[in-house]
Amino acid sequence: NIAQVYGFEKAPTALVMELLEGRTLRDLLSEGPLPARKAIDYGAQLARGLAAAHDRGIIHRDLKPENVFVLSDGRIKILDFGLARQEEAPSSGATRTVTAALGGTDPGTVMGTVGYMAPEQVRGAALDHRADLFALGALIYEMIAGQRAFQRDTAAETMTAILREDPPDLSS
């Protein structure tokens, strides 16, 4: 459930990846919430893709609807590992992979998309795979509710909501 990258071209700079036919999750969500069964299926596929990355020590750090592609046959592909970070050696014994992301991030640097960032990400603290799981939860919430779990008028207010509030109850 991760888009396959075949290589990089230097001039002009380009990423060579598999051809995907479908739409982004953001495009689908612009039409409203998804049926519960579809949201659960997509959430499970996203979880499998994240598990594969996490098994190799890769943290995505920017999971959002724009970085999730829904293929015409309903399969999900996670895109854009541009903010990804490689953790220390994977604990599962999986083979390490090379990611296109830069090395470490300076402490205190906030990276990600407001509204999908975990509290520790908002604070600029050290991250692990759980930050991606928070973003996955925010995506599943949005697929079911048809609205973001944390969305306020400004980025600062949204980040404060992530730190201090729970998302609105799904039953409402």
Student: What I'd like to find out is whether the side chain of F134 reaches to under 4.5 Å of the side chain of M117, using heavy atoms alone.
Tutor: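 Contact flag for F134/M117 side chains = no.
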
Student: What distance separates R75 CZ from Y42 OH, expressed to the nearest 0.5 Å?
Tutor: 12.0 Å

Student: I'd like to know if the side chain of Y141 reaches the main chain of P168, judged simply by a donor and an acceptor atom lying under 3.5 Å from each other, with no hydrogens or angles considered.
Tutor: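 A pair under 3.5 Å: yes.
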
Student: Roughly how far apart are R26 CZ and K64 NZ, rounded to 0.5 Å?
Tutor: 9.0 Å

Student: Consider only side-chain heavy atoms of I, L, V, M, F, W and Y, link residues closer than 4.5 Å, and tell whether L63 and I40 are in one cluster.
Tutor: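 No; I40 is not reachable from L63 via cluster members.
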
Student: Any sub-3.5 Å donor-acceptor pair from E21's side-chain atoms to S72's backbone N or O?
Tutor: no

Student: What pair of heavy atoms forms the shortest contact from I144 to A39, and how long is it?
Tutor: CG1-CB, 3.8 Å

Student: Is the backbone N or O of I59 less than 3.5 Å from a side-chain atom of D132, with the two atoms forming a donor-acceptor pair by type?
Tutor: no

Student: If hydrophobic residues (ILVMFWY) are linked whenever their side-chain heavy atoms come closer than 4.5 Å, directly or via other members, who joins V16 in its cluster?
Tutor: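 Besides V16, the hydrophobic cluster comprises Y6, listed by chain and residue number.
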
Student: Rounded to the nearest 0.5 Å, what separation is found between the CZ atom of R48 and the CD1 atom of I78?
Tutor: 10.5 Å

Student: Is any side-chain heavy atom of Q45 closer than 4.5 Å to one of D41?
Tutor: yes

Student: Tracing side-chain links under 4.5 Å among I, L, V, M, F, W and Y, which residues wind up in one group with L19?
Tutor: none

Student: Once you round to the nearest 0.5 Å, how far does CG of L79 lie from CD1 of I2?
Tutor: 10.5 Å

Student: Would you find a donor on one side and an acceptor on the other, under 3.5 Å apart, between the side chain of E157 and the backbone of R152?
Tutor: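 Pair absent, no side-chain N/O of E157 close to backbone of R152.
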
Student: Nearest 0.5 Å, please: how far is CD in Q147 from CG in L170?
Tutor: 9.0 Å

Student: Between E120 and R130, does any NZ, NE, NH1 or NH2 come within less than 4.0 Å of an OD or OE carboxylate oxygen?
Tutor: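 Not counted as a salt bridge, because no side-chain N and carboxylate O are separated by less than 4.0 Å.
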
Student: Could you check whether any side-chain heavy atom of I162 comes within less than 4.5 Å of a side-chain heavy atom of P119, counting everything from C-beta outward?
Tutor: yes

Student: I'd like to check M143 versus L25 (side-chain heavy atoms, cut-off strictly below 4.5 Å). Are they in contact?
Tutor: yes

Student: Ignoring hydrogens and angles, tell me if any N or O in the side chain of E165 forms a donor-acceptor pair with the backbone of F150 under 3.5 Å.
Tutor: no

Student: Using only atom types and a distance under 3.5 Å, with no angle test, would you say the side chain of Q121 pairs donor to acceptor with the backbone of L127?
Tutor: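 The answer is no, because no donor-acceptor pair under 3.5 Å joins these two groups.
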
Student: Between the side chain of D62 and the main-chain N/O of T113, is any donor-acceptor distance below 3.5 Å?
Tutor: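 Judged by distance alone, yes, a pair lies under 3.5 Å.
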
Student: Any chance CD of E9 has more than 12 other-residue heavy atoms, nucleotides or ligands included, within less than 6.0 Å?
Tutor: no

Student: Below 4.5 Å, heavy atoms only, C-beta onward: do H60 and N67 meet side chain to side chain?
Tutor: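 The answer is yes; the side chains approach within 4.5 Å.
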
Student: Please, which pairs that meet side-chain hydrogen bond (donor to acceptor under 3.5 Å, both in side chains) have at least one residue in residues 28-37, sequence neighbours excluded?
Tutor: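 Applying side-chain hydrogen bond (donor to acceptor under 3.5 Å, both in side chains) to every pair that reaches into residues 28-37, excluding sequence neighbours, yields R23-E31.
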
Student: Counting distance only, does the side-chain N/O of T158 pair as donor-acceptor with the main-chain N or O of G115 below 3.5 Å?
Tutor: no

Student: Which residue, L34, T24, L28, forms the side-chain contact (heavy atoms from CB on, under 4.5 Å) with V70?
Tutor: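 Between V70 and the candidates, side-chain contact (heavy atoms from CB on, under 4.5 Å) is satisfied uniquely by L28.
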
